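The next block holds one structure in the form of structure tokens; read it before the comments.
Letters go in sequence order (proteins before strands), and every chain restarts at 1. Excluded from the calculations below are hydrogen atoms, water molecules and symmetry mates; all remaining heavy atoms, backbone and side chain alike, are included. Note that this is a predicted model, so its numbers are computed, not measured.
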Amino acid sequence: MASRWRRFTRAWILSSTSSSVPARHAAWTARRVARFKPPLFLLCLYPLARWFWLGFSGGLGANPPEFLIRSSGVWGLVALLLTLAVTPLRRMLRQPALVGLRRMLGLFAFFYTCLHLAAWALWERGLSPAAMWDDVIERTFVTVGMLAFVPMLALAFTSTRGWMRRLGRGWQMLHCSIYIIAALSVWHFWLVRAGKNDFLEPYAYMAVLAALLLFRLGYRVLRQHATP
Amino acid sequence: ASLHATPNPDFRVDEPLTSEQDITSYNNFYEFGTGKTDPMDYAGKMRTRPWAVVVEGEVMRPRTFDIDDLLKLAPMQERIYRLRCVEAWSMVIPWIGYSLSELLNQVQPTSRAKYVAFITAEQADVMPGVRRGILDWPYVEGLRMDEAMHPLAMLVFGLYGKVLPNQNGAPLRLAVPWKYGFKSGKSIVRIRLTADMPLTSWVKAASSEYGFYANVNPEVPHPRWSQATERRIGAGFFAPRADTIKFNGYGEQVASLYQGMDLVKHF
């Protein structure tokens, strides 16, 4: 039983090297994957559209600023996790070209995080740089959030093909910081809820992030041990 | 159902009232969940009749009051109070009820009575938050005896001319306007007078973040946010945050209760 389970997990994670999978599978071209981009783009605009819809129909509740601050933060995190889901998905579906969707998802994570930051600056800190700075240095959860945001700026800035070429191997290394950003983001969310004793949602995001990271780890380990 | 009350001009603030819609749809009542609309969505099933309140402990005449007796215990007054939540938002609410001292005088507190604990309803079958844990139920809050006897401390049975909606703490709750909202227990079933300071739910859960006194104080920040300003619910998208006033603006009436006390230490 145990060995069967091991074999199953191994086949699942390493699906491309498993001999049990029929070989008739054809890989998608980058052009084919590019066709998913417009619908994905629209899908990623759903949170924004929803805010406008709720805003005009009075659905943002009694405290709209609070709703928007939280909602933008959560969607930023969701987009970040979706970005991290691209690689496991590529490997599981054996469709490496899916990487073509990653930049858009990453930039949406950046977009919603920027809105989260702007909402905090406007509604919590009255757009006063001094008040914002005080919050950043005095409160751990704001510090952690800001620490997640700064490398995100660098990743967004260097997300173009030109920067990929210019940075070469360094680009890959720089963009590995997404793991740090994701960990800090989940930690930030956990700190927000700490003391309110309500960890259900932070734990859920933590579990998803852990699964996405464990998949990568599993893939590395198994590939090293896989017989050619 | 409507609840008749006479406005009491001694207890009113001349600020625009928060809408009934906002007051009844944006609540912290963790027995029903931690979301602000959870109480509105789930409190409908809470049983508020029959309802009795046990008053016990350091009293000469312990007694169990039926809710119908409490509704007739003293004349119903409408008082307009500010409510400041520890989460840095605020409302202005027309409560209906009378001073808590009216009830406490009925049971004749002994000289040993130094504190009052308020224990609130725990109906696990209709309270999703109770089933999930979150806090150590039932919810317990407390006041020092002199705070409880202060005329501002109010036993509330209604708001906006109506009987309290369940999400606001039916059939009776507390309103202690110079303290953060969590001090005002909802759906109270037991009041216990004690010689020692009661261990309240939030102190138990996070004593570094929530103190026993919990007086509104812009100078003492919460570890995770500033208390210097507040957002008035219903003020609109572009209204700036308002400055928070010490004791929520009730300093003239209550500051003397805390003379000689370090309110940073006893937050």
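Shown here is A:Phe149, whose CZ atom has more than 12 heavy atoms of other residues, nucleotides or ligands within 6.0 Å. Under a cut-off of 6.0 angstrom, the local environment of CG in B:Asp125 is crowded, with over 12 non-hydrogen atoms contributed by other residues, nucleotides or ligands. Surrounding CZ of A:Phe41 are at most 12 heavy atoms belonging to other residues, nucleotides or ligands under 6.0 Å away.
Heavy-atom neighbours of chain B within the stretch residues 125-142 of chain A, taken at a separation under 4.5 angstrom, comprise A:Arg125, A:Arg139, A:Phe141. Residues of residues 176-190 of chain A lying under 4.5 angstrom from chain B, judged on non-hydrogen atoms, do not exist here.
When all heavy atoms are compared, the tightest approach of A:Leu200 to B:Arg132 is CB-NH2, 3.8 Å. Between B:Ile233 and A:Ala62, the closest heavy-atom pair is CG2-O, 3.3 Å.
In this structure, B:Phe237 and A:Leu122 have side chains that are not in contact, with every pair of non-hydrogen atoms separated by 4.5 Å or more.
For the atom pair B:Thr37 OG1 and A:Phe67 CZ, the distance stands at 9.0 Å (nearest 0.5 Å). Separating the CZ atom in B:Arg232 from the CG atom in A:Asn63 is a distance of 12.5 Å, to the nearest 0.5 Å. Separating the CH2 atom in A:Trp123 from the CZ atom in B:Phe238 is a distance of 6.5 Å, to the nearest 0.5 Å.
Using a 4.0 Å cut-off between charged nitrogen and carboxylate oxygen, B:Arg231 and A:Glu66 do not count as a salt-bridge pair.
The backbone N or O of A:Glu124 lies less than 3.5 Å from no partner atom in the side chain of B:Trp225, so there is not a single donor-acceptor pair.
The part of B:Pro223 that comes within reach of chain A is its backbone (N, CA, C, O), which places non-hydrogen atoms under 4.5 angstrom from that chain. Neither the backbone nor the side chain of B:Gln21 comes within less than 4.5 Å of any heavy atom of chain A.
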